[in-house]
Every structure is written in C-alpha cells, then in structure tokens.
Amino acid sequence: MCGRYQLKTEFKNLPNILKNKMPRGLKERYEPQVLIKPGYPILVLKNEGRTETSIMFWGFISEWSRNPFDKSKPKPFNAKSESVEDKKLFRGSWRHKRCLIPASGFFEKGYLISRKDSKAFWLGGLWNRWMSHEGSELESCCVLTTEPNDLVKQFHNRMPVIIPNGHEEEWISSVKNTNEIKALRRFMNKWSEEEWKAEPINRPKTSQLSFL
C-alpha cells in the first residue's frame, strides 16, 4: 500500500527526464515536499505520443464520472497490479496510460522507506483523463501496489511498485499487443531491499504542493 509519500529532492537533482517537457512555471514554483497525501496535486511523468511531465490529482477518476469533485465517490489512490488487467476501471489505463511518480520515500506504519543513497525513485502508476461536457479536463492517477519484500512486509502486506531507473520510456509508452503487456510484468517484481532502508519518523506536517 502507498497512501503517503514524500519528494524532498531538490529541483536540480530531479531525474532529467522530468525536466524535458514540463508545465510552465514549475521550475520557479517547485519546492521539496515532506508529506504528500491522496487528494493532492502531484508530479507525474506520462507519454501521449511524447514524454512529458504533468500535474495530476492523486486519486483515480474514471472518464465516465458525472462529478469528479463529489467527495462521496471513492477515488482509488492505489490499484493492485495483479488485477488491473481485469478491472474495468483500470483496464484501459493499464494498456495505454501508465505513468511514473517521482518520490524520495514512502511511509508505512510510522516508518519512512527510502533509498540508502537518498536518490529519487519511480513509483509505478496509472493515470486517466476526465473531460466535462464543456471541454474542461482533469488528469488523475493512482499508484500500483504489489506483494511486499522482506523490508516492507514487517510494516504492511502491500508495497508500491518501483520501476527501475533506465526503463522509464518502456513503462510509460502505450503498448500494442498482449505480448507487450506481459513484458511489462518483469518491471513489477518485488525489488531487492539491499539498497533500501526503513527509518522511524516523527509525523511531518502536511503541506500541499506550492506550484499550483
């Protein structure tokens, strides 16, 4: 499960692929975040014919939703990677709208899970676009989860899918056939805990992204 994460990475240290095509003004307004929660606007790397950075709502909204702002309607912030091919809500995005969410750590049961070298990493996710009858658009996303490795399972029975560096384009590109879909599964194996650490934390104050 991934319901809280952080992106404390300074802008200059963000992966270069995030900076190639990004929203206007992001560089000037970007600030590291100590706690990011569902319902917040977040940075997302996507591909719709070209790779670009977008700002999306964290909480998956279906394209057939009548009112995406209805707080009584659930907006999943996680999706089980094992079942996304079978779920109507996620099936289309699994094929054509996979995304990457930059993070420097994620929280589980009072612990921060992060890389030992403190570098940013990628949470694997799905995104979607909702459009109103008037033509306004809202992009949203969720984080994929999988079974935990030895490091995480002491805190939770799920963990986020981590996509290895160097495979960004393969992950976010739209697939053409069933074989390409199956090939994506190799990226979602439980990652080795050797390069990772778990540290107890004091609960940080919440703060929304300042660049919106």
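These values consider heavy atoms only, across backbone and side chains, with no hydrogens, waters or symmetry-generated copies.
- More than 12 heavy atoms of other residues, nucleotides or ligands lie within 6.0 Å of NZ in K75, so this atom counts as buried by the packing criterion.
- Proximity of L126 to C141: side-chain heavy atoms (C-beta onward) are nowhere separated by under 4.5 Å.
- Listed by first and then second residue, the side chain to side chain donor-acceptor pair (under 3.5 Å) pairs involving residues 160-174 are T51-E169, H96-S174, W122-N165, W122-E168, H167-E170, E170-R186 (not counting sequence neighbours).
- With sequence neighbours excluded, the residues that form a side chain to side chain contact (heavy atoms under 4.5 Å, CB included) with S104 are Q6, K8, T9.
- In this structure, V175 and R98 have side chains that are in contact, with non-hydrogen atoms separated by less than 4.5 Å.
- No path of Ile, Leu, Val, Met, Phe, Trp and Tyr side chains, each step under 4.5 Å between heavy atoms, connects F60 with L138, placing them in separate hydrophobic clusters.
- Electrostatic pairing of E48 and K46 counts as a salt bridge here, judged by a charged N lying under 4.0 Å from a carboxylate O.
- Put simply, the side chain of M22 reaches to within 4.5 Å of the side chain of K27, judged on heavy atoms.
- Note that CG of L18 and CG of L45 are 5.5 Å apart. Values are rounded to the nearest 0.5 Å.
- Looking only at distances, a side-chain donor or acceptor of K19 sits under 3.5 Å from a matching main-chain atom of F11.
- One hydrophobic cluster, built from ILVMFWY side chains closer than 4.5 Å, cannot hold both F57 and I42; they sit in different ones.
- Y30 places a side-chain heavy atom less than 4.5 Å from the side chain of L43.
- Atoms CD and NZ, on E199 and K197 in that order, are 4.0 Å from each other to the nearest 0.5 Å.
- Remark: E108 CD to Q154 CD distance equals 11.0 Å, nearest 0.5 Å.
- No more than 12 heavy-atom neighbours from other residues, nucleotides or ligands sit within 6.0 angstrom of CD on E10.
- Legend: residues meeting side chain to side chain contact (heavy atoms under 4.5 Å, CB included) with R50, ordered by chain and number and at least two apart, are K21, E52.
- E139 and N128 share no side-chain donor-acceptor pair at under 3.5 Å.
- W94 does not carry K87 over the face of its six-membered ring by the limits of under 6.0 Å from the centre and within 45° of the normal.
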* For the pair I113 and F155, evaluate side chain to side chain contact (heavy atoms under 4.5 Å, CB included) and give the outcome as yes or no after the intermediate values. => CA-CA 10 Å; I113 315 298; F155 310 117; 3.9 Å; yes
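- Applying the side chain to side chain contact (heavy atoms under 4.5 Å, CB included) criterion to S192, with sequence neighbours excluded, gives E194.
- Checking side-chain atoms of R91 against main-chain N and O of D86 turns up a donor-acceptor pair under 3.5 Å.
- Between the side chain of N78 and the backbone N or O of C2 there is at least one donor-acceptor pair closer than 3.5 Å.
- Annotation: side chain of V161 is not in contact with side chain of L123 (no heavy-atom distance under 4.5 Å).
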* **side chain to side chain contact (heavy atoms under 4.5 Å, CB included) between L89 and W64, intermediate numbers included** => CA-CA 10 Å; L89 180 61; W64 58 82; 4.1 Å; yes
* To do: Starting from the C-alpha separation in whole Å, work towards a yes-or-no answer on salt bridge (Lys or Arg N to Asp or Glu O under 4.0 Å) for E180 and K182.
  => CA-CA 5 Å; E180 289 184 356; K182 290 180 179 179; over 6 Å; no
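- Residues meeting the salt bridge (charged side-chain N to carboxylate O under 4.0 Å, His left out) test with D117, sequence neighbours left out: R115.
- Pairing each heavy atom of P38 with each of G3, the nearest pair is CD-O, 3.0 Å.
- Considering every non-hydrogen atom in both A79 and C142, the closest pair reads CB-SG, 3.9 Å.
- Put simply, the side chain of E147 reaches to within 4.5 Å of the side chain of E82, judged on heavy atoms.
- Taking 4.5 Å as the limit, some side-chain heavy atom of K37 sits within range of a side-chain heavy atom of L35.
- Two residues are said to be in side-chain contact when any heavy atoms from C-beta on lie closer than 4.5 Å; P41 and M56 fail this criterion.
- In this structure, Y111 and A198 approach most closely via the heavy-atom pair CD2-C, 4.1 Å.
- Rounded to the nearest 0.5 Å, atoms OH (Y40) and CH2 (W58) are 10.5 Å apart.
- Formation of a donor-acceptor pair under 3.5 Å by the W130 side chain with backbone atoms of S65 is found in this model.
- For the atom pair CD1 of I101 and SG of C99, the computed distance is 4.5 Å after rounding to the nearest 0.5 Å.
- In this structure, the side chain of N149 engages the main chain of V152 through a donor-acceptor pair within 3.5 Å.
- Contact check on R129 versus E137 returns a salt bridge, with a Lys/Arg side-chain nitrogen under 4.0 Å from an Asp/Glu carboxylate oxygen.
- The environment of NZ in K116 is crowded: more than 12 heavy-atom neighbours from other residues, nucleotides or ligands sit within 6.0 Å.
- A continuous path of ILVMFWY side-chain contacts below 4.5 Å connects F69 to I61, so both sit in one hydrophobic cluster.
- Residues passing the salt bridge (charged side-chain N to carboxylate O under 4.0 Å, His left out) test with K153 are D150, sequence neighbours excluded.
- Between the S132 side chain and the G135 main chain, a donor and an acceptor come within less than 3.5 Å of each other.
- Between the side chain of T145 and the backbone N or O of R158, no donor-acceptor pair lies under 3.5 Å.
- The CZ atom of F121 sits 12.0 Å away from the CG atom of L100 when rounded to the nearest 0.5 Å.
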